[in-house]
Amino acid sequence: METFQALLARKLAEALSAADLPPAGSVTPATDPRFGDYQTNTALVLAKQLGENPRALAQKIIERLDVSDCCDPPQIAGAGFINLTLRPETIAAKGAELLRDERLGVEKATEPKRIVIDFGSPNVAKPMHVGHIRSTVLGDALARIASFLGHEVIRDNHIGDWGTQFGMVIYGWKNLLDRPALERDPIAELVRIYKETNEKAAADSKVREAVREELVKLQAGDPENFSIWKETVDLSMKEFERAYQVLDIHYDIQRGESFYNDRLSAVVERLLKSKIAEISEGAVCVFFRDIPELAEKPAIIRKSDGGFNYATTDVATVDYRIQDLKADTVWLVVGAPQILHFKQIIAIARREGYTADFRHITFGSILGEDRKLMKTRSGENVPLRDLLDEAVQRARKIIEEKNPDLSESEKIDIAQKVGIGAVKYYDLSQYRMTDYIFSWERMLSFQGNTAPYLQNAYVRIRSIFRKAAVAAPLWGAPEDAKLVLAAPEEENLATRLCQFAEVVPTVLNDFRPNILANYLFELANSFHAFYEACPVLKSEEPARSSRLALCELTARVLHRGLDLLGIAVPEKM
RNA sequence: GCGCCCAUAGCUCAGCCGGAUAGAGCAUCGGAUUUCUAAUCCGACGGUCGGAGGUUCGAGUCCUCCUGGGCGCGCCA
């Protein structure tokens, strides 16, 4: 199904061709209702290129622009904009068409790609904390959107399950472990033994030496240390799974760092052989002397003591994703501090001849009310589990105040959807690069650009259909419903519904789910205005059927849109 | 020292490819409910878009410099 934007762009291109003009400019949604529904700056762009008068060019263009089947006559305005206004019956017809379309008008990508999305990536033997929210929630939303757009998505959790910290963990396990505590709360106990070992090591060189030996033994494949390592990984994975269940996040594969261990030496040998890497001060390094910003920043892929590091692992990871998974594109949803590291990794991939499209998708930090990195009162990372529990509890409290008649099972379900949805939406509704201040009050507010506000719009619609079903079974509008757009609120709502298909693909231009979030907020806003102005069930035909259809479509778009963000909607709240 | 990111209303944030008079929410003030969830809606108030130059018909958006904040920069991940 062609969007209005695509339709008008096509007609504009035809007009330009008929006028012997080169393609230029673009058709965009109007910046102000006074300018109609869509506008194009084509005449302005061409005027610059050709050195002609923009308004005269605009005139020449609209003489050949045939939009009589969908729009009022095009208007020239301002410096030479061409404004286009859709006719209500055009919008009504599109709305009726959307009602029959499972995809709500969203076209699949013309060139589907195989995309590996690397997001989340928690560390073993450490609790997931507030810092994991952005990567996890953003990566999941991008995966859902890319998948809906017809791409083949492989969600990969690149778990931090290998590294020098295991020297500490294994030493602590052997010397400090409290078994009953481990059974009660595995992660807490792992953290405790890690911390205590760290303190001992700081004070005592013998402990430092012992820790190092444990690490060497693990890396050499010592059976006891390996089984301790394996157990910590298994315990951690169980903990991660719990969080992912609460967050409704699902991975296709979970290739931790350890997965690449037996590929590392081959990676280094290959890079040495191809002269991409060289030996410097005893370490194997890759220099980027021809890339100014990396000229003095070599990547070390084998330490002078012979050990491998995370750069080695990431080079192997690139290999695996391209060679084994056959990815066209790799999206790395990893925080901004690793920009330099990934520039190096991607530069190495280029030298190895990989042509895949690598995107490092970075994001800002979550701050506390004090505008510093969000921490607990004692200065520690806020455990994700505690944060999600609190979200659900707070949502529950609000629901009990506002709607005490709900059953217990309904309250549990709603608190879950509202609380978790609020956390996710608060994150996704903001531009990913900005640091944001975490605020329960704001994210759980029923006013403004929040999950509860959007969920409430959906709930109100469902309530209408429940009420309608008392008189006669009706759980949704019939697919052959006709739209009649009389009131301005009806036309405005219908117009917005038609824009869903235009908005969804733009999210991937620059990986900005907040564009979709903003759209959904405006949609809910338009719906509420409609809801205030236009009674549904009490209205006469044909308005009643038309309004029911608008409600149905709005509910579907809200449901689908929130689903693309990874957010669930309750039927009541 | 070098590099990356950020700076928009009192507060929290939008503003994708440069477009017309820079928008929301909160807060403040004023309205709307015998109602399908008022958990909402309508209106008012509120801005030298950190500063200075530049490119352009047109700059919050692009370029240069400066200020302030965050992060990173050879053997942690």
Side-chain angles (χ1 to χ4, degrees), chain A residues 25-26 28 30-32 34-35 39 41 44-45 47-48 54 77-81 83 121 123 160 162-165 257 280-285 287 292-305 307 309-311 313-314 335-341 343 362-365 367 371-373 398-399 401-403 429-431 433-437 439 441-442 445-450 452-453 455-457 459-468 489 503 506-507 509-512 514-515 517-518 521-522 525 528-539 547 551 572-573:
Chain A
S26 59
T28 56
T31 52
D32 187 298
R34 288 176 300 123
F35 305 142
Q39 63 185 40
N41 60 351
L44 291 163
V45 175
K48 187 191 249 176
F81 291 97
N83 291 338
S121 310
N123 290 318
W162 199 256
T164 47
Q165 78 271 24
E257 291 168 347
S280 168
E281 296 174 31
V284 179
C285 300
F287 287 90
E293 51 185 326
L294 297 179
E296 291 175 20
K297 325 247 182 237
I300 293 172
I301 56 168
R302 193 176 68 202
K303 300 187 284 182
S304 53
D305 68 2
N309 61 9
Y310 77 135
T313 305
D314 279 357
Q338 297 198 41
I339 283 178
L340 178 60
H341 167 70
K343 276 187 179 158
T362 60
F363 46 84
S365 312
L367 309 180
R371 299 177 155 277
K372 294 186 176 162
L373 276 184
I398 294 168
I399 288 149
E401 278 168 22
K402 308 223 182 206
N403 201 348
S429 62
Q430 313 199 39
Y431 175 52
M433 289 309 297
T434 42
D435 296 346
Y436 69 81
I437 296 175
S439 163
E441 197 190 335
R442 289 203 185 88
S445 169
F446 282 74
Q447 289 161 326
N449 192 5
T450 66
Y453 177 82
Q455 288 167 325
N456 179 237
V459 163
R460 286 178 133 190
I461 297 168
R462 300 308 300 157
S463 179
I464 289 173
F465 283 106
R466 271 196 303 275
K467 216 125 221 172
E489 290 84 358
V503 169
T506 66
V507 172
N509 289 348
D510 193 33
F511 310 107
R512 296 188 180 207
N514 69 307
I515 292 174
N518 282 335
F521 172 59
E522 284 167 5
N525 226 326
H528 278 127
F530 158 85
Y531 183 90
E532 295 284 331
C534 305
V536 177
L537 296 176
K538 287 176 192 159
S539 59
R547 288 175 180 177
C551 286
K572 296 179 186 174
M573 64 193 282

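No hydrogens, no waters, no symmetry mates; every other heavy atom, side chains included, goes into these values. Below, chain A is the first sequence line, B the second, and so on; all start at residue 1.
- Under the rule for a salt bridge (Lys or Arg N to Asp or Glu O under 4.0 Å), Glu532(A) has no partner lying at least two apart in sequence or in another chain.
- Using a 4.0 Å heavy-atom cutoff across all strands shown, Ala77(A) reaches at least one base atom of the nucleic acid.
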Check: protein-nucleotides 9-11 of chain B nitrogen or oxygen pairs below 3.5 Å:
{"residue": "C11(B)", "atom": "O2'", "partner": "Arg442(A)", "partner atom": "NH2", "Å": "3.3"}

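- Partners of Lys572(A) under the salt bridge (Lys or Arg N to Asp or Glu O under 4.0 Å) rule, at least two apart in sequence or in another chain, are Glu410(A).
- Of the two residues contacting RNA chain B, namely Ser429(A) and Asn456(A), the nearest-nucleotide position lying further toward the 5' end is that of Ser429(A).
- Within the 4.0 angstrom heavy-atom criterion, only backbone atoms of the sugar-phosphate kind lie near Tyr453(A); the bases stay farther away.
- Using C1' as the reference atom, C16(B) and A52(B) are 28 Å apart when rounded to the nearest Å.
- A close approach under 4.0 Å does not occur between any side-chain nitrogen or oxygen of Tyr431(A) and OP1 or OP2 of G60(B).
- Formation of a donor-acceptor pair under 3.5 Å by the Asn403(A) side chain with backbone atoms of Met573(A) is found in this model.
- With a cut-off of 3.5 Å on both pairing distances, the Watson-Crick and G-U wobble pairs of RNA chain B assemble into stems of 3 or more at B:1-7 with B:67-73, B:10-13 with B:23-26, B:28-32 with B:40-44, B:50-54 with B:62-66.
- Residues Ser445(A) and Thr450(A) approach most closely at O-OG1, 2.6 Å, considering heavy atoms.
- Rounded to a whole angstrom, the distance from the C1' atom of U64(B) to that of U28(B) is 42 Å.
- On the C1' atoms, G68(B) is 27 Å away from G25(B), given to the nearest whole Å.
- Asn514(A) pairs by the side-chain contact (heavy atoms from CB on, under 4.5 Å) definition with Tyr431(A), Arg512(A), Asn518(A), not counting sequence neighbours.
- Not counting sequence neighbours, Asp305(A) has no partner by the salt bridge (Lys or Arg N to Asp or Glu O under 4.0 Å) test.
- In this view, Arg547(A) and Glu490(A) satisfy the salt bridge (Lys or Arg N to Asp or Glu O under 4.0 Å) rule, not counting sequence neighbours.
- Nucleotides U55(B) and G43(B) have their P atoms positioned 41 Å apart, rounded to a whole Å.
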Between the protein and nucleotides 17-19 of chain B, list the N/O to N/O atom pairs that are separated by less than 3.5 angstrom.
{"residue": "G19(B)", "atom": "N7", "partner": "Asn41(A)", "partner atom": "ND2", "Å": "2.9"}

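- By the ring-ring contact (aromatic ring centres under 6.0 Å, His included) test, Tyr453(A) is found to be paired with Phe521(A), His528(A), residues two or more places apart in sequence or in another chain being considered.
- Between Tyr436(A) and Leu367(A) there is no side-chain heavy-atom pair separated by less than 4.5 Å.
- A distance of about 12 Å separates the C1' atoms of G23(B) and G60(B), rounded to the whole Å.
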Report, as a single string ordered 5' to 3', how protein heavy atoms within less than 4.0 Å touch nucleotides 61-77 of chain B: B base, S sugar-phosphate only, - not at all. ----------SSBBBSB
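- Across all strands shown, Asn83(A) has heavy atoms under 4.0 Å from base atoms, whether or not it also approaches the sugar-phosphate.
- Under the side-chain contact (heavy atoms from CB on, under 4.5 Å) criterion, Ile339(A) pairs with Ala336(A), Lys343(A), His360(A), Thr362(A), not counting sequence neighbours.
- Minimum atom distance to the side chain of Glu293(A) is reached by G3(B), of the listed C13(B), A24(B), G3(B).
- Residue Pro535(A) has its side chain nearest to C36(B) when only A14(B), A39(B), C36(B) are considered.
- For the pair Asn514(A) and C13(B), the criterion of a side-chain N or O lying under 4.0 Å from OP1 or OP2 is not met.
- Spacing between G50(B) and G10(B) at atom P, rounded to whole Å, works out to 13 Å.
- Here Asn309(A) pairs with Thr312(A) under the side-chain hydrogen bond (donor to acceptor under 3.5 Å, both in side chains) rule; sequence neighbours left out.
- The gap from the C1' atom of C17(B) to that of A59(B) amounts to 15 Å, rounded to the nearest Å.
- Distance check on atom P: A7(B) versus G51(B) gives 13 Å, rounded to whole Å.
- Here Thr434(A) reaches the OP1 or OP2 of A14(B): one of its side-chain N or O atoms lies under 4.0 Å away.
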